[in-house]
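Here's the structure we're looking at; comments come further down.
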Amino acid sequence: MAIDGLQLTSDYPVDMVAGMFTLSASPASYNYIDLSVPHGLPFTPLVIGLWSTSPTGIPSYPYGGGPAFSYGNYYDVAANADSSNIITANQNNTGSGVTIYHSILAFAPSSYVGNVVSTEGAGNSFIFDSDDTFGKLVADGEITLAQNATGTITHNLGFTPHAYVWSQNTSGSVVGQLVRGGVDSSAPYTYLTTSNLVIVNNNIDTAPYKFYYRIYADV
Amino acid sequence: MSNLNNLISNTDYATIRMLSTITGTISVPAVAVAAGSSWTSTVNNTVPSGRQVLRSNITVSGLQTFPADIVTIDEGSYTLYISATKTTDTNVAFFVYVENAYGSTITLTARTVSFSVAVLLSPFQP
């Protein structure tokens, strides 16, 4: 069976969530709140997650998007991290106040070697279940690119996998996921082929950027 | 406490399981959109109830496959907004949207937008 069809394989690790965080912010109409909470991790985590206007977290939306997708009437929500904090940006461009609820997962960068507190008790236990496929992390790493440089990570899977990419200005400390795709002449972007993950550091910032990536063989 | 490095699997850490992969296509036609008007197309997909993380690939014909739940394409006179997002507890919508905020009629560039979305079970309790 091809790797993307396997439920579990010992050739590749599954995702191990190093931290789980929930927090909320209540920006007033046409206002914003930047809210940070300590993460307590011994590294700058790579965060992904969802946000919602409901405390149940249902429905939930990706960072950078949301339910009010009409021009000029929207929420703009993001989650990033530095060496100490989870950092959220909560912008409300609607005529009513709102509470934004975040559910954030944190991964360790590939360069980290060490111990962290277990997250098993915080959520779903890792028990192998043949009903579901467990993510196969086929590649993870870091690459630093100068302004306007392109980096290519070869995976050679023969199909287009899924991936996450994060970026960090090397003159700063905040790491954030590249949540919006598309070709951009003035901001970093990334794309996938059946052989490669390509990162293009189109940037108005002259400092080099470090990019973190995780490539999954689950499609 | 456990070492994360080089582990294949570990019962100390929560993980993210894949419930399903959903795919779909939306065709953007070469049609005129009047000033102040919009064009939109939505494909709805039923998914299991509960908290899920989406991990999407969005492919735009003539361009690339972008690993993101949201893609914006600058087409010059307009921006193509594309997203895969949960709209209800059991629905993931594939969504393409154009708003003509300019003062004159625009003509859309024909594109095929393909979605491949992994629906992943979040370790957060519902």
Per-residue contact mode, Ser38(B) against chain A (heavy atom under 4.5 angstrom): neither
Please look at Ile215(A) and chain B and tell me whether the side chain, the backbone, both or neither of the residue comes under 4.5 angstrom of a heavy atom of that chain. neither
Determine the option with the most heavy-atom pairs under 4.5 angstrom with chain A, choosing from Thr23(B), Thr40(B), Thr87(B), Ile73(B). Thr87(B)
Could you tell me how the ring of Trp166(A) sits relative to the ring of Phe107(A): parallel (under 30°), tilted (30 to 60°) or perpendicular (over 60°)? perpendicular
Side chains of Thr94(A) and Ser96(A): do they bring a donor and an acceptor to under 3.5 Å? no
Residue Leu80(B) versus chain A: region with a heavy atom under 4.5 Å: neither
Let me see the working for Tyr216(A) and Tyr164(A) under ring pair (Phe, Tyr, Trp, His ring centres under 6.0 Å), right down to the final yes or no. CA-CA 9 Å; Tyr216(A) 299 89; Tyr164(A) 291 121; 5.7 Å; yes
Side chain, backbone, both or neither: which part of Ala93(B) has a non-hydrogen atom closer than 4.5 Å to chain A? neither
Does any heavy atom of chain A fall under 4.5 Å from the side chain of Asp74(B), the backbone, both, or neither of them? neither
Decide whether Ser185(A) and Asn202(A) meet the rule of one side-chain donor and one side-chain acceptor closer than 3.5 Å. no
Can you confirm whether the side chains of Ser37(B) and Asn100(B) place a donor and an acceptor under 3.5 Å from each other? no
Contact origin within Leu50(A) toward chain B - heavy atom pairs under 4.5 Å: side chain
I'd like to know if the side chain of Asn90(A) pairs up with that of Thr88(A) as donor and acceptor (distance under 3.5 Å, no hydrogens or angles considered). yes
Taking atom types as modelled, is there a side-chain donor on Asp205(A) or Asn203(A) under 3.5 Å from an acceptor on the other? no
Need one label for Leu137(A): side chain, backbone, both or neither, based on atoms under 4.5 Å from any heavy atom in chain B. neither
Counting heavy-atom pairs under 4.5 Å to chain B, which of Ala163(A), Ser60(A), Gly57(A) comes out on top? Ser60(A)
Check each atom of Val179(A) against the heavy atoms of chain B and say whether the ones under 4.5 Å are side chain, backbone, both or neither. backbone
